[in-house]
Structures are given as C-alpha cells and as structure tokens.
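To start, the structure itself, in structure tokens.
Order of the sequence lines sets the chain letters (A, B, ...), proteins ahead of strands, with each chain counted from 1. Heavy atoms only: backbone and side chains are in, while hydrogens, waters and symmetry mates are out.
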Amino acid sequence: MSDERHYLDNEEKTVVIVMTSGPSQRHRCATPFYMAAIMASMDAQVKVFFTMEGVRLCQKGVPEQLTAMDGGKTIIEFMRDAKAAGAKFYMCRPAMPGYEIEVDEVIAEVDELSSGGELADLILSSDKALFF
Amino acid sequence: MECNGCEFRHELYYDAEYQIWVRVEEGGELAVGMTDISQSIAGKILHVRVRRPGTLRPAGKPVATIESGKWAGPVPNLFDCTIAGANTTVLEYPSLLNRQPYESWIARVRPAQSVEQALQVLVTGDAAWAGYQERCRKDGITCKRLTA
C-alpha cells in the first residue's frame, strides 16, 4: 500500500461554516466553499451559514458576477460545487434587511432562511465550527 | 465516440450525471473511474484520496475525493460496496486522470449484492451515449485533456 496520506478513514463529523465575508472581501469568498466540498466528500455533514456581509453571496446577481481573483471561476460555481458534494446552505434572515435583500432575491441554492438562534444551535451542536 | 471532444466508451457503465464510469473486473469486483466530462470540469487534478480498502461504503457515500486547483468533490458511489483496492499509480500521479481517464481507474469495489444488481442502477450502451451527449451539450462541456 502506498503513502498513507492517500487513504481516507475519518469518521463522520458535523461541520458548520459561518460565512461572514462578502463582496468587499472577494478573495475570502471561494476557499470556504472549496473546503465545504472537500469535507462533504469526506462524509462530513457540512452546513454553511451565511450571516453579516456573507448574505450578499445569497443575493441573485451577486455570486454570479463575483470572482475571488481576476479571471477566476465565479463564486456561484464554487457554491454549486459545495452543494453538489452535499453541503447545505442556511441564510440568516435577520441580516437580510440590513443589506436590503428581499426573500424573492435569494438564490435557489439556499436551503433555508434561519434565525440567529438556529446558528447558535448549529455552532453548539456541531463537531467543528469554522468562521470565514 | 466523442461529443465536444469528450470521449465516450460504449462498453462502460455510467451514473446518471456521467461523473463516473464503472467496468466489470474479474472476481466480482468493479473498477471505478472519472469520465472525460468529469476530468474536463475538474481541470488538472492535484490530489486523489481513496477510502481505505476494506471500508464498507453505503450507496450515496463517496469512494474517493478529488481535488484540482479550482474544483473539489467526491467520486460518487451508487450501491452498497466494500473498497477492494486503490490504483496506487493514480494516487501518486493524479493527473493521469486528465490524460487517460478511461485507462486510469481510481478504486476497485466489491458490491454488497451481485455485480448484476449493482449495474442495474447505472446506464450503458446507446442509452448512456444519448445521455452523455445531452450532458455535454446542456452544460457546454468541452474536452480539456492534458497531453504533455
């Protein structure tokens, strides 16, 4: 058998990724979804919770136009890769008015609109919580 | 056979999204690899990690993970199986998947039920060719093989 690093034998975990970065920090907007895709592929139950400026990534027209670097893949493509791997997306409903986002402007990739209390539950109940 | 330059092998079995191919091997095992469509979407593959041989994998739980510079995702699994082995050449040289996707199997699995039952959830032959072309055209996928 070759190098041990090529083999996966991790147990199933739950992970919440709290996405607070948005278009003003575009360079921080791709890697969290890349990581979400990897972890979901490794049997982790991955939930991405968008809050603060992160909710802008859930607004139609924003992630389709945004790239982490010039000429790179769009953020919506990274988000769709994470979804295809099994990640679930939650959007902070209380953050929406501050960014003037209406419910009908939310991208289809979002699974649920959630409260701050639900984010607290996710953080407290998950094996790992990551903040970007 | 090819569509938008993406090669199709008529004799193989495929998932409904044409992400993986499956080939019947001796001894009741199945080889699993990435299609030309998948390697084109992923770009140059940098890392492949396979579930440890002997691990039980229920349907829906990936057999491996793939990483390129711009894409990360699973090698899906559609039936209950046990990992029988990994292609150590591909683990060491992952970009083989971009050069010879149909020669470079990733993992071998042993289905929990019969091989015939496992293959029932996959598509093959003319039906697969029709679906493969539809996927290429619908998503505008063109082949991006590494040649060097």
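- Contacts between residues 65-86 of chain B and chain A, counted as heavy-atom pairs separated by less than 4.5 Å, involve T65(B), E67(B), S68(B), G69(B), K70(B), W71(B), A72(B), G73(B), P74(B), A86(B).
- For the pair R23(B) and W21(B), the NZ or CZ position fails the cation-pi test of under 6.0 Å to the six-membered ring centre and within 45 degrees of the ring normal.
- Between R26(A) and D70(A), at least one side-chain N (NZ, or NE/NH1/NH2) sits under 4.0 Å from a carboxylate O, which counts as a salt bridge.
- With a 4.5 Å cut-off on non-hydrogen atoms, F78(A) touches chain B through its side chain but not through its backbone.
- A donor atom on one side chain and an acceptor atom on the other are found under 3.5 Å apart for E53(A) and S24(A).
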Practice item. Tell me, with the steps shown, if Y90(A) and F50(A) meet ring-ring contact (aromatic ring centres under 6.0 Å, His included). Key: CA-CA 6 Å; Y90(A) 299 78; F50(A) 299 85; 9.4 Å; no
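- Taking the six-membered ring for Trp, F49(A) and F89(A) have ring centres at least 6.0 Å apart.
- Under 4.0 Å is where a charged nitrogen must lie from a carboxylate oxygen, and between K47(A) and D111(A) no such pair does.
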